[in-house]
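Step one of this worksheet: look at the structure below.
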Amino acid sequence: MRDDRGGGDDGGAAADAAAICADLIRFDTTNRGEGVARPERPAAEHVAALLDEAGAEAKIVESAPGRASVLARVPGADPGHPAFLVHGHLDVVPADPAEWTVPPFSGEVRDGCVWGRGAIDMKGSLAMTLAVVRRRLREGRRTRGDLVLAFLADEECTGEHGSRYVAREHRGFFDGCAEAISESGGFSVDAGAARVYPIATGERGTAWMRLTARGTAGHGSKPAPDNAVAEIAHAVSRLAAHEWPVRLTPGVRALLDGLADALGTAVDHDRLDEEAVRLGAAGRLFAGTIRNSANPTRLDAGYKVNVVPGTATAQVDGRYLPGTGDEFLATVDRLLGPKVARAFLNHEEAPAADPAGPTFAALADALRAEDPAARPVPYVMAGGTDAKAFHRIGIASYGFAPLRLGPGLDYLGMFHGVDERVPLDGLAFGTRVLDRFLDTR
């Protein structure tokens, strides 16, 4: 039985989560993007076996050889009640072993943490989900509506081999789902006067772009007034130098109001860059979401020093806030000028979920039940997740992978960083919170 006083976990879900996390890390599912990835299939088979063992019929689907995702639907107690989706990804970004304290795919337990690539992003979260679902099935505890699970390939690129594929080709599997939870929320932030738990209610839209300038090829020693390299360099410089204006969307305003209440301090909306610095860890929650951004990330041109190439290209990671997509693209086009063409490598609208509805309240209540000092606040993610693909089919996702962290662990800094690790007691906390929340579904 679960200890409803909080803090108890005599059913073994916490230990199960730690072991599953370590095992998942040992599957090297590195995704380098642009179709270069190690197959998720071995990890998917492991996840499917864990679900089958507990009585949940898991289905493995492949979008391409080895690019596998796992789907499962656990029937609820009330067939007429809405289904609920929990989704996460199996792939990880690359890790250079020379930079790490431990081998990044070892799943080593050291200093009270499970270490390895994916511990935070997001095999630790998958492990908590699996541990809680397995325990609930063993104990015969069902959610009211169907519980839909999706463990996905390819989130670290575009999701074309994962979330986009299953949302498009297996749409019926998600029938009845209107809401979901996934990564990047529910973690603790020690902010001096309060312990804040941001719950993601949205994220910026994605506009990954390839820029192309065309000119006249020729000898490097001759005048080159129509130089494609110079044109792309000027355009990229204009983009990089542009100061994007602050745009306070409803989701960011809700975060600022929540932080002001939790921290007992006014937040000056006219000086948000300075306020982000002043508020330290809490300020990092909004520093990247008060404006749009367009960061140049690649330049490609030429093949020889004495040849002026006829074409030069660049790639730009663009992110825009909900409701600002048209303004964002118009600004980009103005900065690029008429001689540079752009094309989307990936374009996704900015999804949002309700910060004032019953699901957000249930997520917040589950956190407070396990940590009475918790101050949950809504926030908008600077980056992106598989939530965008499910947004396309009418499912709103909240970022909620609950963890209580010690003050020495930089949660946001460990995303795609070196020495990624997740505390064992954080996983234990997260399993209890997640279990409580599923009781409301």
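From a predicted model like this one, the values you see are computed outputs, not experimental measurements. Values below: all heavy atoms of this structure, side chains included; hydrogens, waters and symmetry mates excluded. Along the sequence shown, residues are numbered consecutively beginning with 1.
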Check your understanding: Charged N to carboxylate O under 4.0 angstrom, Asp111 versus Arg421?
Key -> no
Practice item. Flag the pair Phe437 / Phe84 as yes when their ring centroid distance falls below 6.0 Å, and as no otherwise. Key: yes
Review point. Should Trp208 and Val316 be marked as a side-chain contact (heavy atoms from CB on, under 4.5 Å) after you check the CA-CA gap, both sets of side-chain angles, and the distance that decides it?
Key: CA-CA 6 Å; Trp208 292 351; Val316 173; over 6 Å; no
Practice item. Would you check if the side chain of Lys388 reaches a backbone N or O of Glu348 as a donor-acceptor pair within less than 3.5 Å? Key: no
Review point. When you measure from the side chain of Arg291 to the backbone N and O of Trp244, does any donor-acceptor pair fall under 3.5 Å?
Key: yes
**Study point:** Name of the residue among Arg142, Arg136, Arg144 meeting salt bridge (Lys or Arg N to Asp or Glu O under 4.0 Å) with Asp439
**Key:** Arg136
Exercise for review: Please check if the side chain of Thr212 supplies one atom and the backbone of Ala341 the other of a donor-acceptor pair under 3.5 Å.
Suggested key: no
Review point. With a 4.5 Å heavy-atom cut-off, do Val252 and Leu256 have their side chains touching?
Key: yes
Review point. Between Arg319 and Thr289, is a side-chain hydrogen bond (donor to acceptor under 3.5 Å, both in side chains) present by the stated rule, with each step listed?
Key: CA-CA 9 Å; Arg319 309 283 176 147; Thr289 57; over 6 Å; no
Review point. Distance-only, no hydrogens or angles: does the Arg67 side chain make a donor-acceptor pair with backbone N or O of Glu40 under 3.5 Å?
Key: no
Review point. Donor-acceptor pair, Thr143 side chain versus Leu438 backbone, under 3.5 Å?
Key: no
Review point. When you measure from the side chain of Glu108 to the backbone N and O of Val102, does any donor-acceptor pair fall under 3.5 Å?
Key: no
Check your understanding: Is the side chain of Arg73 donor-acceptor paired with the backbone N or O of Phe173 at a distance under 3.5 Å, no angle test?
Key -> yes
Check your understanding: Has Arg38 got more than 12 heavy atoms of other residues, nucleotides or ligands less than 6.0 Å from its CZ?
Key -> no
Review point. So which heavy atom on Gly107 is nearest to which on Val114, and how close?
Key: O-CG1, 4.0 Å
Check your understanding: Do His87 and Ser397 have side-chain N/O donor and acceptor atoms under 3.5 Å apart?
Key -> yes
Practice item. Mind checking the CG-CZ spacing from Leu321 to Arg247? Nearest 0.5 Å is all I need. Key: 9.5 Å
Review point. Should Asp435 and Arg432 be marked as a salt bridge (charged side-chain N to carboxylate O under 4.0 Å, His left out) after you check the CA-CA gap, both sets of side-chain angles, and the distance that decides it?
Key: CA-CA 5 Å; Asp435 196 23; Arg432 296 193 301 268; over 6 Å; no
Check your understanding: Does one side chain, of Asp154 or Tyr165, offer a donor that lies under 3.5 Å from an acceptor on the other?
Key -> no
Check your understanding: Are Val236 and Val340 side-chain neighbours, meaning at least one heavy-atom pair lies under 4.5 Å?
Key -> no
Point to revise | For the student: nearest non-hydrogen atoms of Phe400 and Gly186, plus distance | key: CD1-CA, 4.0 Å
Check your understanding: Within the distance-only criterion (no hydrogens, no angle test), does the side chain of Thr129 pair as donor or acceptor with the backbone N or O of Ser125 below 3.5 angstrom?
Key -> yes
Exercise for review: Can you establish whether the number of heavy atoms outside Asp96 located under 6.0 Å from its atom CG is more than 12?
Suggested key: yes
Review point. Should the heavy atoms of other residues, nucleotides or ligands under 6.0 Å from CZ of Arg32 be counted, would the total exceed 12?
Key: no
Practice item. Determine, step by step, whether Glu156 and His416 satisfy the side-chain hydrogen bond (donor to acceptor under 3.5 Å, both in side chains) criterion, reporting the C-alpha distance in whole Å, the side-chain angles of both residues, the deciding distance to 0.1 Å, and the verdict. Key: CA-CA 10 Å; Glu156 296 294 359; His416 301 188; 3.2 Å; yes
Check your understanding: Does the pair Ile60 and Arg41 meet the rule for a side-chain contact (heavy atoms from CB on, under 4.5 Å), with working shown?
Key -> CA-CA 8 Å; Ile60 296 177; Arg41 178 88 195 197; 3.6 Å; yes
Review point. Is Arg392 close to Arg168 at the side-chain level, that is, under 4.5 Å between some pair of heavy atoms?
Key: no
**Study point:** Evaluation steps, side-chain hydrogen bond (donor to acceptor under 3.5 Å, both in side chains), between Trp100 and Asp419
**Key:** CA-CA 5 Å; Trp100 283 60; Asp419 284 345; 5.6 Å; no
**Study point:** Arg210, CZ atom: more than 12 neighbouring heavy atoms under 6.0 Å
**Key:** no
Practice item. Check the pair Met209 / Phe344 against side-chain contact (heavy atoms from CB on, under 4.5 Å), numbers first and verdict last. Key: CA-CA 4 Å; Met209 297 170 283; Phe344 289 122; 3.9 Å; yes
Review point. Can you name the nearest heavy-atom pair linking Pro94 to Asn31, along with the distance?
Key: CD-O, 3.7 Å
**Study point:** Donor-acceptor contact present, side-chain Glu420 to main-chain Asp121, <3.5 Å
**Key:** yes
Check your understanding: Looking at Glu370 and Arg404, does any basic side-chain N land under 4.0 Å from a carboxylate oxygen?
Key -> no
Review point. Sub-3.5 Å donor-acceptor pair from the side chain of Gln315 to the main-chain atoms of Arg298, do we have one?
Key: no
Study note, to complete from the structure: Looking only at heavy atoms, the pair that brings Arg135 and Ala13 closest together is CD-CB, 3.8 Å
Check your understanding: Can you name the nearest heavy-atom pair linking Tyr411 to Ser184, along with the distance?
Key -> OH-CA, 4.0 Å
Review point. Atom CZ in Phe390, atom CG in Leu85: separation rounded to 0.5 Å?
Key: 5.5 Å
Point to revise | Short side-chain donor-acceptor distance under 3.5 Å, Thr359 and Arg441 | key: yes
**Study point:** Residues Asp261, Arg375; criterion salt bridge (charged side-chain N to carboxylate O under 4.0 Å, His left out); working and verdict
**Key:** CA-CA 9 Å; Asp261 181 60; Arg375 299 299 299 267; 2.8 Å; yes
Point to revise | Member of Ile393, Val61, Val70, Asp386 meeting the side-chain contact (heavy atoms from CB on, under 4.5 Å) criterion with Val166 | key: Val61
**Study point:** Non-hydrogen side-chain atoms of Arg342 and Leu329 separated by less than 4.5 Å
**Key:** yes
Practice item. Indicate the atoms forming the closest heavy-atom contact of Val196 with Pro198, along with that distance. Key: O-CD, 3.7 Å
Review point. Is the count of non-hydrogen atoms from other residues, nucleotides or ligands lying under 6.0 Å from Glu169 atom CD greater than 12?
Key: yes
Exercise for review: Quick one: pull up CZ in Arg117 and OG in Ser106 and give me the separation to the nearest 0.5 Å.
Suggested key: 12.0 Å
Check your understanding: Nearest 0.5 Å, what's the SG-CG distance between Cys177 and Leu147?
Key -> 8.5 Å
Review point. Would a 4.5 Å heavy-atom cut-off, applied to side chains only, mark Leu90 and Leu126 as touching?
Key: yes
Practice item. Apply the test side-chain contact (heavy atoms from CB on, under 4.5 Å) to residues Arg110 and Thr101: give CA-CA distance (whole Å), side-chain angles for both, the deciding distance (0.1 Å), then the verdict. Key: CA-CA 11 Å; Arg110 178 190 291 198; Thr101 302; 3.4 Å; yes
Exercise for review: Mind running side-chain hydrogen bond (donor to acceptor under 3.5 Å, both in side chains) on Arg204 and Ser293 for me, showing each step along the way?
Suggested key: CA-CA 10 Å; Arg204 295 194 297 176; Ser293 64; 3.2 Å; yes
Study note, to complete from the structure: Rounded to the nearest 0.5 Å, the CG atom of Leu239 sits from the NE2 atom of His242 at a distance of 8.5 Å
Exercise for review: Measure the spacing between CZ of Phe415 and CE of Met122 and express it to the nearest 0.5 Å.
Suggested key: 8.5 Å
Check your understanding: Does the side chain of Thr324 pick up a donor-acceptor pair with the side chain of Asn292 at under 3.5 Å?
Key -> yes
